[in-house]
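This report refers to the structure that appears directly beneath it.
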Amino acid sequence: MNSKRNKILFISQYAGFVGGLERYIYNVASLLKENEYRVYSLYLQEAQEKEKFLSIFDQNWTFKEIEEISEKDFDFTTIHKISHPIILKKILDRFSPTLFVHDHDYYCPKGFKYYPYKRINCHRYYSRFFCAVCSSLVPPRHMTHGLKHALRKNFIESEKLFRQAITCKSFVVLSEFMKWNLLNNGVSKEKIKIIHPFINPPLLEKKENHDESPSQIVFAGQQVMSKGTPLFLKALSKLSSPAVVSILGSGSRLEDFKQLAKQMNLEDRVTFKGWVQNPLEVFMNSSIAVFPSLWQEPFGLTGIEAMSCGIPVVGFDVGGVSEWLKNGYNGILVPERDTTAMAGAIDQLLNDKELRKSLGKNARLSVEKNYCKQKFLNQFKNLL
């Protein structure tokens, strides 16, 4: 037995797979169970592939069943994204959890951490007045009395959520960038721990498609504005090299982005594959991965997933991306929103096979060294 403190409760918004956060929870719970921990789930909503997600847990409860369990039933309790202040308060009243901060929701009422209209990234700390104004800004043509009321209610709830979240006894973040955000928002340094995610690198038995024409480019992410699909399509329109593209992921803007690709005459080069259960299989048979996020990524899990398959990544320099994407070593980092620079970087890799192989090899080594299971386990044990 690894420890006497081995009963771990995961509290999360969803039971099922919505995006990288749910894959993170599933992978962490699986790893802990492999190492003789017992893992439990308390969730609010069901999502796709709920049965698979919950299969790894020894027992699970919906939030309606919260009265059936108490803190004494577990040795360590973690929260992974709860978006409603009343629910968060009930959890904090019942448990003394460690809050794993995966995004900007707790200190940004809109959650995106960028300004409306032009979507310029915001680097301010939480301010009740400024954030209230920012969160209320929508195009005048969309402003109605009902929307005004909804925005006001949303801000009040966000304010409560922020005030409650910062009272947690301890915090875990995935990057130095997220630690900086918490420090700027009043969380003391002593309460914050950085634990990088881990990847189990697949065997590199990939198809030798690098010599084929056109080459394969892959982008995996939720199909919402913040993940940057329109920017990626714009970069594709500027490529001078032949390539075909797979875009993985579902989301509220998926159909809009399909129409945008058609309007840009890219439908013959781009395939939207929707939700893919195992994106590593697609990465394994691709030449390059792209990471075109518009928002300030807290980390960027799909980036190191791609690197674990031995392919380089081209990504925008936003948020925590530069902590794992090292320009000229395991990929190419380009200025945020610079689609011309992104197109140039992709062209460079498509046209230089040796550079692509070299960066891909380093990408794999980066994952093996910095994002391995044992390193994660050692850091997690220090939380207990």
Side-chain angles (χ1 to χ4, degrees), residues 1-12 20-42 56-58 69-82 88 91-92 94-103 106-107 164-201 297-301 303-305 307-308 319-320 322-324 365-384:
M1 182 66 64
N2 54 55
S3 170
K4 292 182 179 180
R5 302 186 64 193
N6 71 327
K7 298 174 69 175
I8 314 299
L9 175 64
F10 291 77
I11 303 176
S12 61
L21 168 57
E22 289 72 34
R23 289 206 315 277
Y24 174 88
I25 294 171
Y26 180 83
N27 290 337
V28 170
S30 300
L31 177 62
L32 293 176
K33 194 161 185 179
E34 288 171 11
N35 286 269
E36 302 182 38
Y37 289 84
R38 298 180 68 186
V39 292
Y40 305 85
S41 171
L42 174 64
I56 196 64
F57 294 98
D58 293 286
I69 58 177
S70 67
E71 188 164 41
K72 66 181 181 180
D73 297 325
F74 310 100
D75 300 307
F76 187 61
T77 302
T78 66
I79 298 183
H80 301 264
K81 189 178 173 76
I82 296 296
L88 180 60
I91 292 170
L92 295 181
R94 196 163 188 84
F95 304 99
S96 299
T98 293
L99 179 60
F100 281 60
V101 183
H102 296 273
D103 55 30
Y106 294 112
Y107 47 80
Q164 291 164 8
I166 62 173
T167 67
C168 285
K169 66 172 185 177
S170 58
F171 299 78
V172 170
V173 293
L174 279 63
S175 65
E176 288 283 352
F177 169 69
M178 289 302 289
K179 180 178 179 179
W180 175 85
N181 272 289
L182 290 187
L183 290 172
N184 276 354
N185 283 287
V187 178
S188 64
K189 181 179 180 181
E190 295 73 23
K191 295 174 69 173
I192 308 170
K193 301 291 184 183
I194 299 175
I195 301 183
H196 294 134
F198 70 90
I199 294 292
N200 186 25
E297 283 284 349
F299 183 82
L301 184 60
I304 62 172
E305 286 178 335
M307 294 200 308
S308 75
S322 62
E323 295 179 38
W324 52 264
L365 292 174
S366 296
V367 172
E368 291 174 342
K369 178 182 178 181
N370 299 310
Y371 308 108
C372 65
K373 287 182 174 181
Q374 193 56 54
K375 188 171 183 178
F376 178 91
L377 276 173
N378 292 341
Q379 293 176 324
F380 190 89
K381 289 176 183 178
N382 290 334
L383 297 174
L384 305 181

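Nothing here was measured: the structure is a model prediction, and the numbers come from that model.
For the pair Cys168 and Pro97, the tightest heavy-atom approach, listed with the atom from each and the gap, is CB-O, 4.3 Å. Of all non-hydrogen atoms in Gln164 and Thr167, the two that sit nearest each other are O-OG1, 2.5 Å. Minimum interatomic distance between Ile56 and Ser30 (heavy atoms only, all atoms of both residues): CG1-OG, 3.4 Å.
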Worked verdict on Asp75 versus Asn6 for side chain to side chain contact (heavy atoms under 4.5 Å, CB included): CA-CA 6 Å; Asp75 300 307; Asn6 71 327; 3.8 Å; yes
Side chain to side chain contact (heavy atoms under 4.5 Å, CB included) between Gln374 and Asn378, intermediate numbers included: CA-CA 6 Å; Gln374 193 56 54; Asn378 292 341; 2.9 Å; yes
Verdict with reasoning, Phe95 to Lys169, per side chain to side chain contact (heavy atoms under 4.5 Å, CB included): CA-CA 10 Å; Phe95 304 99; Lys169 66 172 185 177; over 6 Å; no
Derivation of the side chain to side chain contact (heavy atoms under 4.5 Å, CB included) call for Leu377 and Leu32: CA-CA 8 Å; Leu377 276 173; Leu32 293 176; 4.0 Å; yes
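Residues passing the side chain to side chain contact (heavy atoms under 4.5 Å, CB included) test with Lys375, sequence neighbours excluded: Asn370, Cys372, Gln379. For Ser12, the side chain to side chain contact (heavy atoms under 4.5 Å, CB included) partners two or more places apart in sequence, or in a different chain, are Ile25, Tyr43, His80. Every side chain to side chain contact (heavy atoms under 4.5 Å, CB included) that Leu183 has, sequence neighbours left out, goes to Lys179, Lys189, Ile192.
Salt bridge annotation for Lys81-Asp103: present, with a cationic side-chain nitrogen under 4.0 angstrom from a carboxylate oxygen. The pair Asp58-Lys33 meets the salt-bridge criterion, since a charged nitrogen lies less than 4.0 angstrom from a carboxylate oxygen.
The side-chain heavy atoms of Ile8 and Tyr40, taken from C-beta on, include no pair separated by under 4.5 Å. Using a 4.5 Å heavy-atom threshold, the side chains of Ile195 and Leu383 count as touching. Between Val173 and Leu182 the shortest side-chain heavy-atom distance falls below 4.5 Å. Side-chain atoms of Val28 and Phe198, non-hydrogen and from C-beta on, do get closer than 4.5 Å to each other. Residues Met307 and Trp324 are in side-chain contact: their nearest non-hydrogen atoms beyond the backbone lie under 4.5 Å apart. For the pair Pro197 and Phe376, the minimum side-chain heavy-atom distance is 4.5 Å or more. Considering only heavy atoms from C-beta on, Asn181 stays 4.5 Å or farther from Tyr106 through its side chain. Proximity of Phe171 to Phe100: side-chain heavy atoms (C-beta onward) are nowhere separated by under 4.5 Å.
The line from CG of Leu174 to CG of Leu301 is 8.0 Å long, rounded to the nearest 0.5 Å. Taken from CG in Leu88 to CD1 in Ile79, the straight-line distance is 5.5 Å, to the nearest 0.5 Å. Taken from CD1 in Ile199 to OH in Tyr371, the straight-line distance is 10.0 Å, to the nearest 0.5 Å. Atoms CD and CD1, from Glu323 and Ile304 in turn, are 11.5 Å apart once rounded to the nearest 0.5 Å. For the atom pair Phe74 CZ and Leu9 CG, the distance stands at 4.5 Å (nearest 0.5 Å). Atom NZ in Lys7 sits 6.0 Å away from atom CG in Asp73 (nearest 0.5 Å).
In this pair, Phe57 and Phe10 present their aromatic rings perpendicular. The plane angle is above 60°, beyond the 30 to 60° band.
The closest donor-acceptor contact from the side chain of Ser175 to the backbone of Pro298 lies under 3.5 Å. Remark: side-chain polar atoms of Glu71 are paired, donor with acceptor, to backbone N or O of Ser96 under 3.5 angstrom.
Counted by atom type alone, Ser170 and Thr98 present one or more donor-acceptor pairs between their side chains at under 3.5 Å.
The neighbour count for Lys191 NZ, taken as heavy atoms of other residues, nucleotides or ligands under 6.0 Å away, is above 12.
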